[in-house]
Amino acid sequence: MGVIMAAPFSSHERSLPQARRMNGVSTIFTQATIKGMAESKITPRAQDFAAWYQDVVMQGDMAEPAEIVKGCMVIKANGYAVWEALQREFDDRFKATGHQNVYFPLLIPQSFLKKEAEHVEGFSPELAVVTIAGGKELEEPYVIRPTSETIIGHFFSRWIQSWRDLPLMLNQWANIIRWELRTRMFLRTTEFLWQEGHTAHSSHEEALDEALRILDIYAEVAEDVMAMPVIKGAKTLSEKFAGALRSYAIEAMMQNGLALQAGTSHDLGQNFGRAFEVQFQTKEGKLDYVWQTSWGVSTRLIGGLIMTHSDDKGLVLPPKVAPMKGVLVPIYRKDEERTAVMETARKLAQDLGIKIDDREGQTPGSKFFHWERRGVPVVIELGPRDVAAGNVVLKRRDTGTKHTVSLAEARHEFEKMLDQIQRDLYSTAKKRLNENSVQANSLAEVEKILRDVTAERGGGKFVFTHLKDDPACEARLKEFKATVRCIPLADEQDGAGTCIITGEHVPKRVVIAKAY
RNA sequence: CGGGGCGUAGCGCAGCCUGGUAGCGCACCUGCCUUGGGCGCAGGGGGUCGGGCGUUCAAAUCGCCCCGCCCCGACCA
């Protein structure tokens with residue numbers, strides 16, 4: 001056999017007759033064979049997007065549910081390596097813009113949360129609280145940080161006295177816990193990893209500049225590194241961070257058309273400064289509260305990455321975040337072929353900086369499937385025919401196309417291919433975003449477009465319409481479970497108009513969508 | 001927190017209705033053979049059937065209670 005393997009297995013295929021004839025060669029697929037494969041079973045996107053996502057996460061060896069810990073996940077090596085790549089990209093940019101890394105305690109005195117009225121109200125429902133420690137009931141319980149504004153506010157007040165201490169620009173990489181009712185791997189888990197930046201400034205203008213500068217960094221990494229197009233915008237007042245003056249976010253569109261808030265940056269004003277008495281003496285000698293910002297991206301980005309690029313065969317990773325940019329699969333039959341192929345393979349792999357999949361007892365076919373599922377951008381095939389001809393075959397994960405190139409050009413072609421994949425992934429995603437962005441000019445129109453959209457069924461759109469930034473107006477969207485994702489910073493459409501609820505003048509269209 | 005589903009070998013499942021002491025496929029181990037998209041053959045190892053209590057001569061199977069996970073809704077990065 002050897003010629004055939006049908007198209008990738010999918011669940012609808014399981015119901016097909018067990019034996020069939022292709023190219024004159026009969027291939028047998030028993031139900032048990034397909035279902036029982038340790039690596040298999042990816043539900044097609046069109047059938048059930050949410051199930052597809054779960055399958056891709058697990059088959060791609062990115063993560064699995066912790067099972068014994070409710071709502072938590074184990075991030076596996078392949079997934080954590082992506083996180084490390086993202087961490088590097090962000091961390092370099094934070095450092096280059098004057099931020100320093102620090103680490104604050106995981107446990108926060110419960111009373112701290114209560115110091116900012118809106119903050120406590122926003123976070124109370126999702127707090128995990130430690131009441132017993134060392135076998136004794138604590139006098140004051142600790143909450144496990146859901147975010148660190150409060151404890152950082154406390155220390156800021158000790159560290160900041162004068163305008164000379166400002167700006168203070170810190171960042172921490174940490175884990176946090178928010179007791180969520182509904183969890184999905186990477187997108188929303190009880191515990192997750194993130195970075196949280198916290199800065200203090202002497203003027204509102206400077207703080208706002210900082211918040212927007214960080215938003216630019218978030219957008220840059222999302223688009224240039226993750227190949228995930230985003231819309232930068234302000235959150236509405238009802239969607240903003242609990243305790244902020246105004247929140248900003250980057251919003252991405254997943255393949256099912258649902259929005260994903262992929263990063264947020266907050267203008268905290270003086271709210272936490274007042275709550276924690278973070279005062280400084282101005283150049284003029286007067287006392288003022290500091291103007292703060294906070295901002296974060298989390299492991300949720302990995303979920304966004306997966307839902308932006310992956311396909312029914314499994315994970316697709318942009319080269320810039322892929323733990324393995326390529327892998328070489330050697331092909332041989334007899335020992336003498338093996339010797340010749342492996343010798344060339346070793347040189348080539350070293351030249352390309354990639355690994356050889358030299359596992360014995362596995363056919364090349366099973367290796368191709370293996371790396372395909374794990375999203376490796378380029379698979380290099382090298383067999384006796386190639387060695388004889390001085391060639392090598394490069395296969396793109398995203399398009400599935402193969403290119404035969406000479407060994408001498410392999411390195412150049414490999415790098416060119418990686419570069420091309422990175423660009424193509426972005427433009428494909430960008431095109432999808434554009435094609436699924438529509439305008440609406442009445443509430444009925446918005447509802448008609450979004451009413452039947454769900455995470456599983458898909459069909460989501462970004463609906464651009466004129467809506468006043470008023471909780472009462474947004475409440476109307478709840479009737480069909482949509483939200484205002486953001487008020488784009490740049491006017492993405494056609495300027496001012498009248499609010500579809502109140503008829504009042506609003507300066508530009510907002511983005512309404514269903515979201516994760 | 002409401003609704004639904006599930007829990008039997010590492011994974012996916014059958015067995016349960018009608019009790020009789022556990023089975024299939026994949027994975028794994030050994031050998032031979034194969035290798036350009038999930039090779040084949042032969043042999044082999046692996047399970048306190050989620051937990052507890054009860055009914056019974058006998059419980060994966062029947063009854064009660066508990067636990068956990070997943071999915072769907074209300075809340076959220």
Side-chain angles (χ1 to χ4, degrees), chain A residues 1-9 14 27-41 48 50-51 54 58-59 64-72 122-126 146-147 176-190 192-196 235 239 241-242 247 249-251 260-266 295-301 303-304 313 329-335 337-338 341 359-373 379 381-387 391-393 395 400 402 404 454-456 478 481 483 515-516:
Chain A
M1 146 144 170
V3 189
I4 325 290
M5 231 34 256
F9 303 123
R14 286 173 206 150
T27 51
I28 309 288
F29 298 86
T30 63
Q31 284 210 339
T33 303
I34 294 163
K35 288 173 75 177
M37 289 278 193
E39 297 180 329
S40 72
K41 204 191 66 165
D48 182 340
Q54 283 234 146
M58 290 204 269
Q59 294 297 320
E64 63 183 57
E67 200 175 38
I68 46 165
V69 188
K70 191 177 174 62
C72 291
F123 280 105
S124 297
E126 22 184 322
T147 180
I176 62 181
I177 284 194
R178 295 181 185 177
W179 213 259
E180 301 289 354
L181 299 175
R182 175 120 153 69
T183 58
R184 302 176 196 257
M185 284 191 285
F186 288 116
L187 300 175
R188 176 170 295 103
T189 46
T190 299
F192 60 94
L193 305 181
W194 77 346
Q195 61 67 215
E196 46 178 325
K235 300 303 277 189
E239 291 274 327
F241 175 74
S247 291
I250 51 171
E251 295 283 332
L260 184 77
Q261 179 173 305
T264 48
S265 183
H266 314 294
W295 26 276
V297 292
S298 72
T299 37
R300 164 178 264 201
L301 283 173
K313 295 177 194 160
V329 175
I331 297 150
Y332 44 77
R333 236 164 304 202
K334 308 165 202 132
D335 274 353
E337 280 180 352
R338 182 178 191 282
V341 167
R359 290 173 297 164
E360 293 292 342
Q362 294 256 25
T363 62
S366 73
K367 291 177 182 178
F368 295 147
F369 277 101
H370 179 75
W371 298 114
E372 182 169 74
R373 259 191 317 273
V379 171
E381 306 180 15
L382 185 73
R385 296 204 300 264
D386 303 307
V387 174
N391 285 337
V392 63
V393 178
K395 178 164 190 207
K402 289 186 184 186
T404 303
T454 67
E456 297 70 39
K478 281 206 158 187
K481 291 158 192 156
T483 48
Y516 277 101

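On a predicted model such as this, the values are computed, not experimentally measured, just so you know. Lettering of chains follows the sequences in order, A, B, ..., and the numbering in each one begins at 1. Only heavy atoms go into these numbers, but all of them, side chains included; no hydrogens, no water, no symmetry mates.
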Partners meeting side chain to side chain donor-acceptor pair (under 3.5 Å) with A/Q261 (sequence neighbours left out):
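Partners of A/Q261 by the side chain to side chain donor-acceptor pair (under 3.5 Å) criterion, ordered by chain and then number, come out as A/K235.
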Which residues satisfy the side chain to side chain donor-acceptor pair (under 3.5 Å) test with A/T483, sequence neighbours excluded?
A/R485
Choosing from B/A77, B/G36, B/C75, which nucleotide comes nearest the side chain of A/F192?
B/A77
The ring-ring contact (aromatic ring centres under 6.0 Å, His included) partners of A/F186 (sequence neighbours excluded) come to none
Non-neighbouring partners of A/Y332 that pass ring-ring contact (aromatic ring centres under 6.0 Å, His included), sequence neighbours left out
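Testing A/Y332 for ring-ring contact (aromatic ring centres under 6.0 Å, His included), a comparison that skips the adjacent residues, returns none.
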Side chain A/Q195, main chain A/V297, donor-acceptor under 3.5 Å
yes
Contact class for [X] (heavy atom, under 4.0 Å): base, sugar-phosphate, or nothing?
X	value
A/E126	sugar-phosphate
A/P364	base
A/I176	nothing
A/V329	nothing
A/E180	base
A/K478	sugar-phosphate

Both A/T189 and A/G365 contact RNA chain B. Taking the nearest nucleotide for each, which residue is further toward the 5' end?
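Of the two residues, A/G365 wins.
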Position toward the 5' end of RNA chain B (nearest nucleotide), A/S298 or A/Q362:
A/Q362
Starting from C1' on B/C11, measure out to CD on A/Q59 and report it in whole angstrom.
10 Å
Sugar-phosphate atoms are those with a prime plus P, OP1 and OP2; base atoms are the rest. Using that split, label each nucleotide of nucleotides 29-34 of chain B B, S or - for protein heavy atoms under 4.0 Å, 5' to 3'.
------
Contacts of type salt bridge (Lys or Arg N to Asp or Glu O under 4.0 Å), residue A/E126, not counting sequence neighbours
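Partners of A/E126 by the salt bridge (Lys or Arg N to Asp or Glu O under 4.0 Å) criterion come out as none, since no residue qualifies.
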Excluding sequence neighbours, so at least two apart, what forms salt bridge (Lys or Arg N to Asp or Glu O under 4.0 Å) with A/K402?
A/E381
A/E456: which residues meet the side-chain contact (heavy atoms from CB on, under 4.5 Å) condition with it, sequence neighbours left out?
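For A/E456, the residues satisfying side-chain contact (heavy atoms from CB on, under 4.5 Å) (neighbours in sequence not counted) are A/D48, A/A50, A/R182, A/R184, A/T454.
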What nitrogen or oxygen pairs link the protein and nucleotides 70-73 of chain B at under 3.5 Å?
residue, atom, partner, partner atom, Å
B/C71, OP1, A/Q54, OE1, 2.7
B/C72, OP1, A/E456, OE2, 2.2
B/C72, OP2, A/R182, NH1, 2.6
B/C72, OP2, A/R182, NH2, 2.3

